[in-house]
Amino acid sequence: TVHWSRMSRFGTAALAAAALAVCLTAGRRSPRAGAAMLAAASAVFYLLGPGGWTVVLGGIACLLAAYCMQRQHFGNLYGSVYSLGAYILLAGVWVLTDSKILLLVSQKAGLAGLISYLSFYALHLPLLQFTIGVLPEKRRMLEILQAFYSGLLLLLMANFIFSLPYLNVLVMAEHLLMTVTIALILYHGFREMRHGKNKALGRVMAGYVLFAVCSILAITIYYLDSSLPYSPVYMLGIFGFILLLAETAGQRVLEQINENANMAVYAKLAYRDVLTGLGNRAAFVRETQETKQSAAPFGYIMVDVNDLKKVNDTLGHPKGDALINRVAQCLQRAAAEKGNCYRIGGDEFVVSLNGSREALLACADRIREEIAAADAGSEFPVSAALGLAWSEDQPDPIPAQVFRQADDAMYADKKRMKASREAEIERHGHPICYKRVHQSKKVYNRKKIKATDKELPSFFVLFTQSASILRL
């Protein structure tokens, strides 16, 4: 039986080391995945293996998870996970040394006893640090308790170094301080729960109640008859306490993950136009700030959709949204991976490119071709005015100046297109955008609107009449 017990302990330790190696290997590629695997391995060994080795492995898992959370900028929660991991690790070391398992490796009983005392005295330091995260209003009180525990730990080390006969006094002081600590935390914790200020405090207080009951029972057994096995009672309280603290930390981690996911969605929406999926004005401003820091040449293509208001007023806003989306798709196809497209206003877009002036001109040509192709297959007119500017052509090649130049060129193109359209009305009595409408595979020509020079209606009236013909 003793041989099998030793073999099972060493086998569990070997399996734990193998699981740790596998999890660390996975953690190189994905720190979160490695931490999750290590936590799962800890849970398995907790259920199947000896308590001491399992608790040590669980402490290492928590410390690794906290390190990964810190690297992934996981808020301030990693500090609580660090504290929980340190507490679990010290608890595991105390269980191993107090249960004499360490003597299987080393026959130095004095060393095992020293490690047992040191881990027991240091056990409450990370526990109080974890409690500070749960009861931040009582930080000052908990830090004072930490100072007392640190002082006792230093006195214990001095007692061992100088072989002083005050070990029993230090043990009594530790037990007294434990009792005071538990009483204060339970008192203030239940006050917080009664006022309903901290919803996550319930599980922590349940753990402290279990820990308090087992600790007081173990201390009572120790002082009544030290030959009785008091350690298992205290271990039971520690294990139950660890499980409840781990559950609390897990809930906080899940809440933080959900919050980070929501923040990522909000951050994405903050720089994304919902209708078109392109970058919005905020994204364009952010890019201009980055462009200022670069010396590479750049250029902008301003695009303004024609007659969006008339489409909204005559055909309805869904058709206006379809027009915006169609132009946005044209820009994406034309820019491909060579430039970035942004919708910076209701009917205004901008395409930014780096590279050469020839690439900018070629992109503008592709935009015109894409818009012409979209117009040919659309039931409503699809057209846009373009203006472009290149940084090396400007005396002051800053993004604001280049953007202003592209905007001026776009408005000049818009005036030219408007003048061309009015000339078409003068010659034909209707604008060139009156085109055939495909309906049920039959082609219907729109009626031409004749008008004399004196009775020439505005383009808005012409567009309204053409829309009514479309509905018919």
Side-chain angles (χ1 to χ4, degrees), residues 8-72 74 76-99 101-102 104-106 111-112 114-131 133 153 207 211 235 237-254 256-257:
S8 65
R9 291 190 182 104
F10 284 112
T12 303
L15 289 175
L20 179 60
V22 171
C23 296
L24 287 176
T25 303
R28 290 180 181 177
R29 296 185 177 181
S30 174
R32 293 183 180 179
M37 290 177 62
L38 192 55
S42 302
V44 171
F45 283 110
Y46 182 82
L47 295 175
L48 301 179
W53 297 109
T54 305
V55 177
V56 169
L57 183 61
I60 296 173
C62 282
L63 293 175
L64 179 61
Y67 173 73
C68 297
M69 292 166 63
Q70 184 179 6
R71 288 189 59 189
Q72 297 293 327
F74 213 76
N76 297 322
L77 186 58
Y78 67 87
S80 297
V81 182
Y82 267 129
S83 301
L84 179 61
Y87 176 75
I88 295 175
L89 183 61
L90 289 172
V93 172
W94 178 76
V95 170
L96 289 174
T97 53
D98 191 75
S99 59
I101 295 177
L102 189 64
L104 295 174
V105 181
S106 173
L111 176 62
L114 175 61
I115 295 175
S116 176
Y117 276 107
L118 289 177
S119 58
F120 181 77
Y121 274 64
L123 197 61
H124 303 88
L125 295 175
L127 176 59
L128 288 171
Q129 191 64 37
F130 181 87
T131 310
L153 183 61
F211 182 64
M235 290 179 189
I238 288 180
F239 287 157
F241 192 34
I242 287 174
L243 287 178
L244 290 171
L245 289 184
E247 182 188 3
T248 303
Q251 290 292 334
R252 293 180 64 186
V253 169
L254 289 177
Q256 187 68 44
I257 290 174

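By convention here, the first residue in the shown sequence is residue 1. What's counted below: heavy atoms across the whole structure, side chains too, no hydrogens, waters or symmetry copies. Here the structure is a predicted model, which means the values were calculated and not measured.
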Write down the atom of V81, the atom of C62, and the distance for their closest heavy-atom approach.
CG1-O, 3.4 Å
Within 6.0 angstrom of Y82 OH, more than 12 heavy atoms from elsewhere:
yes
Between CD1 of I238 and CH2 of W94, what distance do you get to the nearest 0.5 Å?
5.0 Å
So F211 and H124, would you call those rings parallel, tilted or perpendicular, with 30° and 60° as cut-offs?
tilted
Sequence neighbours left out, what passes side chain to side chain donor-acceptor pair (under 3.5 Å) with Y67? Give chain and number order.
none
Output the distance between atom OH (Y87) and atom CG (L128), rounded to the nearest 0.5 Å.
10.0 Å
Nearest heavy-atom approach of S83 to F130 is CB-N, 3.7 Å
Indicate the atoms forming the closest heavy-atom contact of G133 with S80, along with that distance.
CA-OG, 4.4 Å
Nearest non-hydrogen partners of A86 and L63, listed with the distance
N-CD2, 3.8 Å
What distance separates I242 CD1 from L127 CG, expressed to the nearest 0.5 Å?
9.5 Å
Candidate list L90, L84, T131, test side chain to side chain contact (heavy atoms under 4.5 Å, CB included), partner P126, passing option
L90
Restricting to non-hydrogen atoms, name the atom on I115 and the atom on V93 that form the minimum distance, rounded to 0.1 Å.
CG2-CG1, 3.6 Å
